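Here is the structure we will look at.
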Amino acid sequence: MKFNTKTIHAGQKMEETSGAVMPPIFQTSTYAQEAPGVHKGYDYARVSNPTRTALEKLIAGLENADECACFASGCAAMDAVLKMFRPGDHVIASNDLYGGSYRLFTKVFEPFGIEFSFVDMTDLANVKEAATENTSLLWIETPTNPLLRVVDIKALTDFADNQNMLSVVDNTFASPYLQRPLDLGADAVLHSTTKYLGGHSDIIGGAVATSDEEIMEQLRFQIKTTGAVPGPMDCYLTLRGIKTLSVRMQQATDNAKQIAEFLDNHPKVGRVSYPGLESHGQHEIAKKQMDDFGAMVSFSLKDDAQERAKEFMSQTEVFTLAESLGGVESLVNHPASMTHGSIPKKVREAAGLKDSLIRLSVGIEGADDLIQDLDQAF
Ligand SMILES: *Cc1c(COP(=O)(O)O)cnc(C)c1O
C-alpha cells in the first residue's frame, strides 16, 4: 500500500454500532462488563481506549511496525522506553539531540544509576569508542535537533545488533513520510506526535512503534502502571492530523528547500544546515535513508552575531517566534535560550550548538511569503 493510502486507511475500520466513517471520541474512563472479567477487550481507559487504539494502529501502519503504544507526550514515551533499563545499564545517545531528552536522561535517569554517553553519532567510530560491555541502548535521533546532522541509521543498528544492544530512533523530525527506521533495522521508533504527526500545534502526544513483542509488552506494562496516556480527544485530533501528513510534509519540505537555498545565497547568512543542500556534511546519507530532506532548517548570521540573531527573530512577521515544530504554520526558534536551554552552555558548545543559531520549522504557507518575511527581517 502506498504511504498516502496508509495515512488514511492503515488499521482503520468503520465504527461497528453506527457505521461512522470517522473514529468516535470514546470519552469514557471505564467499560461495562458482562460478568467479572468478561468484556469487549476494554476494561479501564488508563489501559486502553478505542480512539487510542485507532491511533496506535494507524501509526504502526505508517512505521511498518506490528504495534504502537501512544503516550501523553513525546517525553512520556521516552520515559517509558528508558524504564526498560536498570541501574548499571549504559546508553549511548547523540550529542546533538532534543533538549528535553538530554534533561530526562541526565536529571531523571542518571540519578537512578543509568549511565549515558553523548557522542557525535555521524562517525560510527565515536559510538564504538563509547561502547562498554554494559551498553544496552543506542538512542538515535536523526536529523538531529537543532543542527540537522544526519546519522546513518543502518550502520548504527547493524552495530547495535552485533553487540546485543537495542536501538531506538527518535523519528520526530523526519516523520514516517520521509524516513522509516524499523525498515533500516531499528528495534523501536519514537515520536513526539505533537509535531508532524499531529501537525497543527494543537495537541501534546507521543508514540513508540515496534515489531518486538517483548518491548511492546514492557511499554504496555508501563502504560498500565504509570498511566501517562493521551486522552481520547487528543487521539482523535492526532488521527485527523495524520490524514494529511503526506500533503503537509511534502509542501513544507518543498518550501524548506527554497528557503535553505535562499539563505545559503544570502550575504548576511553564515552557515546553513539543511540535509538537502549538497554542501551538507551528510547529504549522501540523507539521500540514502530519507525520501526527502524535511522541513527543518537552521542557520547562523555572518560572524555568529548573537545579538543580531535575537533581533532578527523578533522581526519576522509570518514566522512566529515559538518553541516546537512540525505544524502547518512556520516558526522561528532560538535553541540556546528556548528548546535547548536545559543543556548547559559548555555542553551545547562542545556539540557545536552556538548561541547564535536560529532554527526554522517551515510550514505550508506560500514559499514566496516566507522568503520575503525572512528577507525583510534581515
Ligand atoms: C518535541 C520533541 C520531543 C518531546 O516531545 P513532547 O511531545 O514535547 O513531550 C522529543 N523528541 C524530539 C525530537 C522533539 O522534537
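Numbers here are sequence positions counted from 1. Read the numbers this way: they start at 1 and go in the same order the structure lists the ligands and their atoms. This is a predicted model, so every value here is computed, not measured.
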Problem - Aromatic ring pairing Phe105/Phe118, orientation class (parallel under 30°, perpendicular over 60°, tilted between) - result: parallel

Problem - Sidechain N-carboxylate O distance under 4.0 Å for Glu16, Lys40 - result: no

Exercise for the section: Using only heavy-atom distances, determine whether the side chains of Asp292 and Gln250 contain a donor-acceptor pair under 3.5 Å. Expected result: yes

Fill in the blank from the handout: closest protein heavy atom to atom 9 (O) of ligand 1 is Cys75 N, 2.9 Å

Exercise for the section: Give a yes or no on this: more than 12 heavy atoms of other residues, nucleotides or ligands lie within 6.0 Å of atom NZ of Lys57. Expected result: no

Practice task
For ligand 1, find out whether one of its N or O atoms is nearer than 3.5 Å to an N or O atom of Gly74.
Solution key: yes

Handout entry: Presence of salt bridge, Glu217 and Arg220, under 4.0 angstrom
Key = no

Exercise for the section: Among all protein heavy atoms, pick the one closest to atom 1 (C) of ligand 1 and tell me residue, atom and distance. Expected result: Lys195 NZ, 1.4 Å

Practice task
Could you say whether the N/O atoms of Ser192 and ligand 1 ever approach to under 3.5 Å?
Solution key: yes

Handout entry: Polar contact flag for Asp170 and ligand 1 (N/O pairs, less than 3.5 Å)
Key = yes

Exercise for the section: Report the part of Leu325 (side chain from C-beta onward, or backbone N, CA, C, O) that has a heavy atom under 4.0 Å from ligand 1; answer both or neither where that applies. Expected result: side chain

Problem - Donor-acceptor side-chain pairing of Tyr42 and Thr28 below 3.5 angstrom - result: no

Practice task
List the closest protein heavy-atom neighbour of atom 10 (C) of ligand 1: residue, atom name, distance to the nearest 0.1 Å.
Solution key: Tyr98 CD2, 3.5 Å

Handout entry: Atoms in ligand 1 with a heavy atom of Gly205 nearer than 4.0 Å
Key = 7 (O)

